[in-house]
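Input: a single structure, listed below in structure tokens.
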Amino acid sequence: MSERDPIAWSEVEVADLTARIKALKASMSRVIIGQDNVIESLIICLLAGGHALVEGVPGLGKTLLVKSLSQATDMQFRRVQFTPDLMPSDIVGTEILEEDTSTHQRVFRFQKGPVFTQVLLADEINRAPPKTQSALLEAMQERSVTFAGQTHRLPQPFFVLATQNPIEQAGTYPLPEAQLDRFLLRIDVGYPTEDEEMTMVSRTTHAGLSDATPAMDVQALLRLQLLVRDIEIGDHLLRYATRLVRATRPQDSKVASIVKHVGWGAGPRAGQALVLASKARALMHGRLAVTREDIGEMLLPVLAHRVLRNFEAEADGVAIADILLALRNEIKVD
């Protein structure tokens, strides 16, 4: 596939687009109390054109988070609750038999499923069987659905946020590693602070909740996704990102924590994700070039679901965040 022609970005357009990113974050922050890092990671994932896997216990506002994102970007939003009896056709759609009232001919027509949207919340994705999970993940990767030999393109942009409950494992079907790799970022949602929680309780127990105000339209978002690709990254930082990913593979790594606690390292797609997410973070902070800080900050959300701990790590209670922190401290920029 040939590369697209370079875009001549004007200073006025770049300034306008970066201002829209700030407005988007501000709009979401008025609805979502606290969780600034979560909001930022979500916007970074959207700008990079990827999908996000969110982990957090119930009641932390994950659904409201995605809904406010769709409102602030004026995108169509749908939510699917994944359950053990959910079928692939419940996600992608199915063919229905219709009769023409004038000719009395019967024809099959494809009825689009909820995946045909711009923002899709796949709630508790690990509660559906692998066959249903695969139907969604194929749509995420290909940006299309093929049914009965016909290919149906999904709307653009297309953003999936899938949630998992980290404390309930009964009746779940864990996502295989190859499917986890399709998510650009894994975002962990933690508990709010005491003041944030008090504010949250106060706001949500009054007459009504305010919606996020539109901060950008779809065309601006598509331009931003193109701009992210044109953010500069030096060769030394490109090599740094590559070394970080390669160092997660215990058979080749010189990092003691990786060798001791990792069973399987990240593949080349992780390097692509790390660089792309770092570019999106740089743009979000008003910069047109990636810094070492961008790569360091995106290391955990990019690699947390791509690096697999071994039995020794689980027995010792060593978290993946500790392993990746040791990796970041060990690998240096040239």
Side-chain angles (χ1 to χ4, degrees), residues 36-38 40-42 44-45 47-48 50-56 164 166 174-190 228 231-285 287-334:
D36 284 345
N37 290 335
V38 174
E40 180 168 320
S41 296
L42 194 64
I44 287 172
C45 192
L47 295 177
H51 308 287
L53 180 66
V54 176
E55 288 201 0
Q164 289 191 136
L175 290 171
E177 288 72 24
Q179 294 182 353
L180 285 171
D181 199 31
R182 305 296 179 183
F183 290 96
L184 183 74
L185 302 181
R186 194 195 84 178
I187 305 171
D188 292 322
V189 182
V228 165
I231 297 298
E232 294 292 330
I233 179 170
D235 288 344
H236 67 296
L237 290 178
L238 200 59
R239 186 169 297 278
Y240 173 55
T242 303
R243 284 179 177 173
L244 284 169
V245 173
R246 290 178 62 83
T248 63
R249 302 162 193 168
Q251 65 271 23
D252 300 324
S253 183
K254 297 180 180 178
V255 181
S257 180
I258 296 292
V259 175
K260 183 178 181 181
H261 293 128
V262 171
W264 198 260
R269 188 182 283 117
Q272 298 170 332
L274 182 57
V275 169
L276 195 55
S278 299
K279 286 185 174 186
R281 185 183 187 275
L283 181 60
M284 186 167 186
H285 287 263
R287 289 180 275 104
L288 299 180
V290 174
T291 65
R292 182 185 184 279
E293 180 188 1
D294 294 322
I295 296 175
E297 288 296 321
M298 299 315 301
L299 187 67
L300 179 60
V302 167
L303 294 183
H305 57 299
R306 292 182 166 98
V307 176
L308 304 181
R309 296 179 300 160
N310 58 21
F311 177 78
E312 186 174 356
E314 295 182 6
D316 293 344
V318 178
I320 190 65
D322 299 327
I323 298 172
L324 294 178
L325 179 61
L327 170 69
R328 187 173 64 181
N329 292 337
E330 188 76 17
I331 305 299
K332 305 299 181 183
V333 184
D334 288 339

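FYI, side chains are in, hydrogens and waters are out, and symmetry mates aren't considered; it's all heavy atoms of this structure.
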At what distance, to the nearest 0.5 angstrom, does [atom1] of [X] lie from [atom2] of [Y]?
| X | Y | atom1 | atom2 | result |
| --- | --- | --- | --- | --- |
| K332 | N329 | NZ | CG | 6.0 Å |
| L180 | L175 | CG | CG | 5.0 Å |
| H285 | E40 | NE2 | CD | 3.5 Å |

Within 6.0 angstrom of [X] [atom1], more than 12 heavy atoms from elsewhere:
| X | atom1 | answer |
| --- | --- | --- |
| R309 | CZ | yes |
| K254 | NZ | no |
| N310 | CG | yes |

Handout entry: Partner set under ring-ring contact (aromatic ring centres under 6.0 Å, His included) for H51, not counting sequence neighbours
Key =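 Applying ring-ring contact (aromatic ring centres under 6.0 Å, His included) to H51 gives F158.
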
Exercise for the section: State whether E293 and R281 are salt-bridged, where the test is any N-O pair (Lys NZ or Arg NE/NH1/NH2 against Asp/Glu carboxylate O) under 4.0 Å. Expected result: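 Looking at E293 and R281, the cut-off is met.
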
Least distance between heavy atoms, [X] atom then [Y] atom:
| X | Y | answer |
| --- | --- | --- |
| A247 | V255 | CB-CG2, 4.5 Å |
| P250 | V259 | O-CG2, 4.0 Å |
| M284 | I44 | SD-CG1, 3.8 Å |
| A277 | V302 | CB-CG2, 4.0 Å |

Hey, can you pull the donor-acceptor pairs under 3.5 Å for the side chains in residues 262-275, sequence neighbours left out?
from : atom 1 : to   : atom 2 : distance (Å)
R269 : NH1    : D181 : OD2    : 2.6

Exercise for the section: For side-chain contact (heavy atoms from CB on, under 4.5 Å), just list the numbers for R292 and L237, CA-CA rounded to whole Å, side-chain angles, deciding distance to a tenth of an Å, and then say yes or no. Expected result: CA-CA 7 Å; R292 182 185 184 279; L237 290 178; 4.2 Å; yes

Practice task
Please step through side-chain contact (heavy atoms from CB on, under 4.5 Å) for the pair H261 and D322, ending with a clear verdict.
Solution key: CA-CA 10 Å; H261 293 128; D322 299 327; over 6 Å; no

Side-chain donor-acceptor contacts of residues 311-318 below 3.5 Å, not counting sequence neighbours, with atom names and distances?
none

Exercise for the section: State whether the side chain of D294 and the backbone N or O of T291 hold a donor-acceptor pair below 3.5 Å, judged by distance alone. Expected result: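 Looks like yes, one N/O pair under 3.5 Å.
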
Exercise for the section: Kindly indicate, with the supporting measurements, whether the criterion side-chain contact (heavy atoms from CB on, under 4.5 Å) is fulfilled by I295 and R328. Expected result: CA-CA 10 Å; I295 296 175; R328 187 173 64 181; over 6 Å; no

Handout entry: Passing candidate, side-chain contact (heavy atoms from CB on, under 4.5 Å) with S253, options T248, I331, L327, I258
Key =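 Passing option: I258.
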
Practice task
Can you spot which of I323, L324, I320 makes a side-chain contact (heavy atoms from CB on, under 4.5 Å) with L303?
Solution key: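 Per the side-chain contact (heavy atoms from CB on, under 4.5 Å) rule, the option paired with L303 is L324, out of I323, L324, I320.
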
Problem - L53 side chain reached by L185 side chain, heavy atoms, under 4.5 Å - result: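 Contact flag for L185/L53 side chains = no.
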
